[in-house]
2 protein chains.
Amino acid sequence: MSHPRYHHGDLRAAVLRRAEEILRESGAGSLSLRQIARDVGVSHGAPSRHFRDKQALLDALAVAGFDRIEAEFAAAVAGETAFDARLHALARVYLRFATENPALLAVMYGRKHGADAEVGAAVLRAFEVPRTVIVDGQERGEVVPGDPRRIGMAVIAALQGLANLVASGFAAGDLLDETVGHLTHGLRPRP
Amino acid sequence: MSHPRYHHGDLRAAVLRRAEEILRESGAGSLSLRQIARDVGVSHGAPSRHFRDKQALLDALAVAGFDRIEAEFAAAVAGETAFDARLHALARVYLRFATENPALLAVMYGRKHGADAEVGAAVLRAFEVPRTVIVDGQERGEVVPGDPRRIGMAVIAALQGLANLVASGFAAGDLLDETVGHLTHGLRPRP
DNA sequence: ACCTGAACACCGTTCAAGT
DNA sequence: ACCTGAACACCGTTCAAGT
């Protein structure tokens, strides 16, 4: 709790860092601008120089979250070439992120798309990775034909839903393989 | 805004009703016990007789939400017999609910499972419908074999994810058919 | 440019007191 | 049993004033 002063210009970064900590440790309900200011050793009005209001802070947290997912997606995909392996890698990354940052995930999806341009752009960057995985898979003949962006949305939806259920505790993480399997092979029996 | 008095025992129901309205019209950020009390024409301390604290109100809203989903699930399934038709019906119902009540959905999945026994029970009741749909589908040879509860979770995950993306505006509702199709037939090309 | 500190209008929660 | 109203410790936001 012994924080140094922040009179040297990195208050914005310090606020974001502390906000993420609070989100991870205590949830969105405990996120207060005044508490963050206190923790960071600054007056309660100071953060408003860097974040117009609380929503602007939440938006910045969402952007950081999507950017982190994009980076982890990219790293996970780089290690594999086969579509199935890549899909599994994406799923693992997303599920881990959701499990470790359930409150941040809620912040990321809690805002209506288009409300903030920076968030929208970060979402598109993150979703671009699954899209290219689909495209590559189609070129290898391992994925059905169709608009890769739309197929990518179906993939994201399945991952997002699984992550949500696991983060809420309604499902266990060991459902990952099964869900990915059902998505890859379908629910209908092969003739 | 001219509300009658609520000295006759239905304050609990009146608070719940008004809370759902606010959730639908203004989102979770505008949900305040004091505002509800004002709208309902009662002193700000009165709701605490029926809801220990704000979380208890959110839990009650979640229970009501899951119960409504269960009823709509049951009605949707009753009209169809083939697995594909039933799956589509479930998806339509869930997506409509999510689109019309995005803030309520966030409340319903915002709480850790097991934190409130009544919410947990309501979740199980709602998820029971997809489970029986899977069981029936397996008996008809229209669904791959496997633990119906686990397959049901994969289905719920896909619906939940799609609903989430649509509610946030990241995807459009016309992805429904495609997502259900990918789940039914799989992403891998049929040989 | 960046931060402080007072001010304002809100919260949730508690609790004695009323009916 | 059910509700009122004051009290307390918090919020987010704004804004003159300081450095």
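What you see is a predicted model, and the numbers here were worked out from it, not measured in a lab. Numbers restart at 1 for each chain; the letters A, B, ... are given by sequence-line order, proteins then strands.
Every side-chain contact (heavy atoms from CB on, under 4.5 Å) that R12(A) has, sequence neighbours left out, goes to L16(A), H50(A), F51(A), A60(A). Every side-chain contact (heavy atoms from CB on, under 4.5 Å) that A158(A) has, sequence neighbours left out, goes to L183(A). Annotation: side-chain contact (heavy atoms from CB on, under 4.5 Å) contacts of D177(B) (sequence neighbours excluded): H88(B). Every residue was checked against the side-chain contact (heavy atoms from CB on, under 4.5 Å) condition with A13(A), not counting sequence neighbours, and none meets it. In this structure R92(A) satisfies the salt bridge (Lys or Arg N to Asp or Glu O under 4.0 Å) test with no other residue, sequence neighbours excluded.
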When the side chains of residues 164-176 of chain B are checked against the rest of the protein, which donor-acceptor pairs come out under 3.5 Å, sequence neighbours left out?
unit_1	atom_1	unit_2	atom_2	d
S168(B)	OG	Y109(A)	O	2.9
S168(B)	OG	N164(B)	O	2.9

Report all side-chain donor-acceptor pairs from residues 25-33 of chain B shorter than 3.5 Å, counting only partners two or more places apart or in another chain.
unit_1	atom_1	unit_2	atom_2	d
S30(B)	OG	S26(B)	O	3.3
S32(B)	OG	R34(B)	N	3.2
S32(B)	OG	Q35(B)	N	2.9

List the protein contact pattern of nucleotides 7-19 of chain D with one symbol per nucleotide (5' to 3'): B for base contact, S for sugar-phosphate-only contact, - for none; contact means a heavy-atom distance under 4.0 Å. B---SBB------

Pair pattern of DNA chain C in dot-bracket, where unpaired bases get dots and | marks partners in another strand, Watson-Crick or G-U under 3.5 angstrom: ||.|||||...|||||.||

